[in-house]
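Numbering starts at 1 and runs along the sequence shown. Because only heavy atoms are used, hydrogens play no part in the values below, and waters and symmetry mates are left out as well, while side chains stay in.
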Amino acid sequence: MGETATKRFLPLFHIFIILLLLPATVFVGVNSSSKDFIKQSCAGTLYPSLCYSSLAPYASAVRQSPAKLSVAAANVSLAKIKDALSLAVYAKRGSGGRIGAALHDCVQSLSRAADLTKQAAAEMGKLGAESKDGGIAWDASNAQTWMSAAMTNEETCLNGFEDAKVVSGAKAMCDRVGEVKKYTSNALSLLNTLVNGGY
């Protein structure tokens, strides 16, 4: 390579290196600020540590959008509900008496909770657009109603085991649904803050 060609090549090489490194630097900065946003948002929930640990992995997608954060929280809750539902369906096989009846009712309640949470997440996904004063579209109230109803169904599942908690299988189910309720509570809290313009 001649001297003239080398002089032309070096500036292009330097530009290439800068462009290669810049996105990573920007991404780290955005990801860090997004995690700070998630932590601050989760501070207002009943289970802030659980809220942050479950949503931090979505920092790059959430950035600093309250609407996207609410959608992520609803989707996390939905995944947990589905896990608990699978456990209830499995436990119901071969179960009879009070436990069998409670598991049957629990499967129905968790199925409704999953449907409602899925609806809420889809509705929140449509929002995105925030008004100039920081509020959001009135339709968010639908998502609020559905998330609240989902948690009611989770509570209904738990109530069915009230007289059978001493049984090991029932206790395991109660523990799982009780944990699910925490995720749903956090999702509902973040959504309420979004609807009330608290961000």
Side-chain angles (χ1 to χ4, degrees), residues 34 38 41-42 45-62 65-96 98-128 139-162 164-165 167-195:
S34 297
I38 292 172
S41 302
C42 285
T45 66
L46 285 179
Y47 312 98
S49 295
L50 182 68
C51 176
Y52 178 73
S53 64
S54 65
L55 295 175
Y58 302 94
S60 59
V62 168
S65 167
K68 289 180 179 179
L69 181 61
S70 293
V71 172
N75 283 328
V76 167
S77 177
L78 177 59
K80 298 299 180 181
I81 293 170
K82 286 182 176 179
D83 286 345
L85 177 58
S86 295
L87 177 63
V89 170
Y90 178 78
K92 189 179 74 166
R93 296 171 186 166
S95 296
R98 289 182 300 172
I99 295 296
L103 285 168
H104 173 78
D105 292 343
C106 185
V107 167
Q108 292 185 325
S109 295
L110 291 179
S111 293
R112 285 192 294 268
D115 289 341
L116 288 162
T117 303
K118 185 176 181 179
Q119 280 182 277
E123 190 75 2
M124 284 183 267
K126 298 175 187 175
L127 298 176
D139 287 345
S141 62
N142 288 334
Q144 216 175 2
T145 300
W146 293 329
M147 284 301 299
S148 180
M151 193 154 71
T152 297
N153 274 280
E154 292 163 7
E155 290 170 352
T156 299
C157 168
L158 286 174
N159 291 339
F161 293 100
E162 199 62 42
K165 285 183 180 177
V167 181
S168 59
K171 185 180 184 306
M173 195 68 234
C174 288
D175 289 345
R176 178 66 67 88
V177 177
E179 191 69 11
V180 169
K181 267 188 65 183
K182 294 179 182 179
Y183 289 96
T184 304
S185 170
N186 284 340
L188 181 58
S189 177
L190 292 172
L191 177 57
N192 287 339
T193 302
L194 175 66
V195 172

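Of all the heavy atoms in V180 and A84, the pair that sits closest is CG2-CB, 3.8 Å. Smallest separation of non-hydrogen atoms from A56 and I38: CA-CD1, 4.2 Å. Listed here is the closest heavy atom pair of L78 and A114: CD1-O, 3.3 Å. A150 and T117 make their closest contact through CB-OG1, 3.4 Å (heavy atoms, listed as atom of the first residue, atom of the second, distance). The two residues M147 and A74 have their closest heavy-atom pair at SD-CB, 4.3 Å. Of all heavy-atom pairs between S77 and A187, the closest is CB-CB, 4.4 Å.
Looking only at side-chain heavy atoms (C-beta outward), L190 and L194 stay at 4.5 Å or farther from each other. Counting heavy atoms from C-beta outward, N186 and C42 have side chains that stay 4.5 Å or more apart.
The CG atom of N153 lies 12.0 Å from the NZ atom of K181; values are rounded to the nearest 0.5 Å. Atom CD1 of residue I81 and atom CE of residue M151 lie 10.5 Å apart, to the nearest 0.5 angstrom. Of the inter-residue distances, the one linking E179 atom CD with Y47 atom OH reads 9.0 Å to the nearest 0.5 angstrom. A distance of 11.0 Å separates CD in Q108 from OG1 in T156, rounded to the nearest 0.5 Å. The OG1 atom of T45 sits 11.5 Å away from the CG atom of N192 when rounded to the nearest 0.5 Å. To the nearest 0.5 Å, atoms CD (E155) and OG (S109) are separated by 11.0 Å.
Between the S189 side chain and the S185 main chain, no donor and acceptor come within less than 3.5 Å of each other. Looking only at distances, a side-chain donor or acceptor of S54 sits under 3.5 Å from a matching main-chain atom of C51.
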Can you list the steps and then say if S141 with V195 is a side-chain contact (heavy atoms from CB on, under 4.5 Å)? CA-CA 7 Å; S141 62; V195 172; 5.6 Å; no
So V76 and L55, side-chain contact (heavy atoms from CB on, under 4.5 Å) or not? Walk me through it. CA-CA 8 Å; V76 167; L55 295 175; 4.0 Å; yes
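Applying the side-chain contact (heavy atoms from CB on, under 4.5 Å) rule to L87 yields the partners M173, R176; only residues at least two apart in sequence or on another chain are considered.
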